[in-house]
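To start, the structure under review is shown below, and the notes come after it.
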Amino acid sequence: MTWLMSHGNQTMATEFLFSIFPHPHEGGLLFFIPLLLIYGFIISGNRLIVIVIQLDMALRTPMYFFISVLSFLEIWYTTTTIPRMLFNLVSEQKTISLAGCLLQMYFFHSLGITEGSVLTAMAIDRYIAICNPLRYPTIMTHRLCIQLTAGSCLCGFLLVLPEIAWISTLPFCGSNHIKQIFCDFTPVLSLACTDTSLVVIVDAIHAGGILASFLVIALSYIRIIMVILGMSSAEGRHRAFSTCAAHLAVFLLFFGSVAIMYLRFSATYSVFWDTAIAVTFVILAPFLNPIIYSLRNKDMKDAICRLFYSQKRV
């Protein structure tokens, strides 16, 4: 299969090769089974969370609405990368077309930005619930939850579009080897045979968005912790802390790895560390989310038990 196309005096790449994946007989199959099991757990765990929240009336609250949205997004977020990674582990040909690479970048980053926006909405929800509980039912209405979710999706799927459109116009020549586990901006732009300094402006816009979300969430939880510490009831403090601890864990895992990966500008990492950081937010964070939001959440565990008990009775 050819991956080059003649264009004037230059030969342009029409396909990219994921050179970081081992061949099947060189250990690729050893990674395939664990990754397949992890992907299966991510899909089934997040689907269970969505179904339980939709069916259980006790979970019809803004907090669980946002958790169900986050779980739904996680299913598609991982599906943009992991199935392709599984294919690359068992296939001799680890190529992806330019169009396929651009689509993977677009949906991966769009869903990632949407998730970050939903996490921000969740922090605002917890802030109002704990710091202004009397007005919480009138502020966090179902309509506002829908609006925040729609705004998150709109922000995610529109913000990345100009950059993807720009990258699609670039000529790619010479090496077609992508040294990453999925198509990402920096590895792909490094293969372009033209000036890509414009990406610094785009990076600054993305960095501004990441930092804005980070600050909103961080300030919300600082204020929440201060209010919790001032509670007179030990039971109330414990319940508030247990609820917020799960959100904080997801927030730190997601934003921490994203910040290390994308708030570096001219800084460079070795291929090993680039891959390790990518694995954190592509595989590890989605793997831990169902555990954090179900096995570590009493209300969710009770709702799952009620669902399975009702199914057994039927």
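What you see below is based on every heavy atom in this structure, not just the backbone, and it leaves out hydrogens, waters and symmetry mates.
Side-chain contact annotation: Y39 with T79, donor-acceptor N/O pair under 3.5 Å present.
By the 4.0 Å N-to-carboxylate-O rule, D56 lies close enough to R306 to be salt-bridged with it.
Taken together through direct or relayed side-chain contacts under 4.5 Å among Ile, Leu, Val, Met, Phe, Trp and Tyr, W166 and L159 form part of one hydrophobic cluster. Tracing side-chain contacts under 4.5 Å through hydrophobic residues (I, L, V, M, F, W, Y), one never reaches I228 starting from I222; they form parts of separate clusters.
For F287, the CZ atom sits in a packed shell: over 12 heavy atoms of surrounding residues, nucleotides or ligands are nearer than 6.0 Å. Counting heavy atoms of neighbouring residues, nucleotides and ligands inside a 6.0 Å radius, atom OH of Y136 exceeds 12 of them.
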Next on the checklist: With side chain to side chain contact (heavy atoms under 4.5 Å, CB included) as the criterion, how do L89 and F87 come out once you've worked through the C-alpha distance, each side chain's angles and the decisive distance to 0.1 Å?
Outcome noted: CA-CA 5 Å; L89 287 170; F87 174 80; over 6 Å; no
Item to check | side chain to side chain contact (heavy atoms under 4.5 Å, CB included) evaluation trace for L119 with S213 | outcome: CA-CA 8 Å; L119 285 170; S213 294; over 6 Å; no
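Below 30°, between 30° and 60°, or above 60°: for F251 and F214 the angle between ring planes is between 30° and 60°, a tilted geometry. Between F281 and F182, the angle of the ring planes goes over 60°, which puts this pair in the perpendicular group of the 30/60° scheme.
The shortest distance between side-chain heavy atoms of I181 and T81 does not fall below 4.5 Å. Within the 4.5 Å cutoff, the side chain of V216 has heavy atoms near those of the S220 side chain. Between F185 and I164 there is a side-chain heavy-atom pair separated by less than 4.5 Å. Side-chain atoms of E115 and L111, non-hydrogen and from C-beta on, never get closer than 4.5 Å to each other. Using a 4.5 Å heavy-atom cutoff, the side chains of I53 and M300 are in contact. The side-chain heavy atoms of M63 and R126, taken from C-beta on, include a pair separated by under 4.5 Å. In this structure the side chain of F255 reaches within 4.5 angstrom of the side chain of I217, judged on heavy atoms. Residues P34 and L37 have side chains not in contact (no heavy-atom distance under 4.5 Å, counting atoms from C-beta outward).
Between the side chain of N88 and the main chain of F21, no donor-acceptor pair closer than 3.5 Å is present. Side-chain N or O atoms of T141 include none that pairs as donor or acceptor with a backbone N or O of P137 at under 3.5 Å. Side chain of S91 to main chain of K94: no donor-acceptor pair is present (N/O by atom type, distance under 3.5 Å, no hydrogens or angles). Looking at E15, its side chain never comes within 3.5 Å of a backbone N or O of T95 through a donor-acceptor pair.
In this structure, CG on L161 lies 7.5 Å from OG on S110, to the nearest 0.5 angstrom.
Listed by chain and residue number, F107 satisfy the side chain to side chain contact (heavy atoms under 4.5 Å, CB included) test with L103 (two or more places apart in sequence, or in another chain).
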Distance-only check: which donor-acceptor pairs under 3.5 Å involve side-chain atoms of residues 41-49, not counting sequence neighbours?
from, atom 1, to, atom 2, distance (Å)
S44, OG, G40, O, 2.7
S44, OG, F41, O, 3.3
N46, OD1, S71, OG, 3.3
N46, ND2, I42, O, 2.8

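Contacts classified as side-chain hydrogen bond (donor to acceptor under 3.5 Å, both in side chains) and involving residues 144-157 (residues at least two apart or in different chains) are not found.
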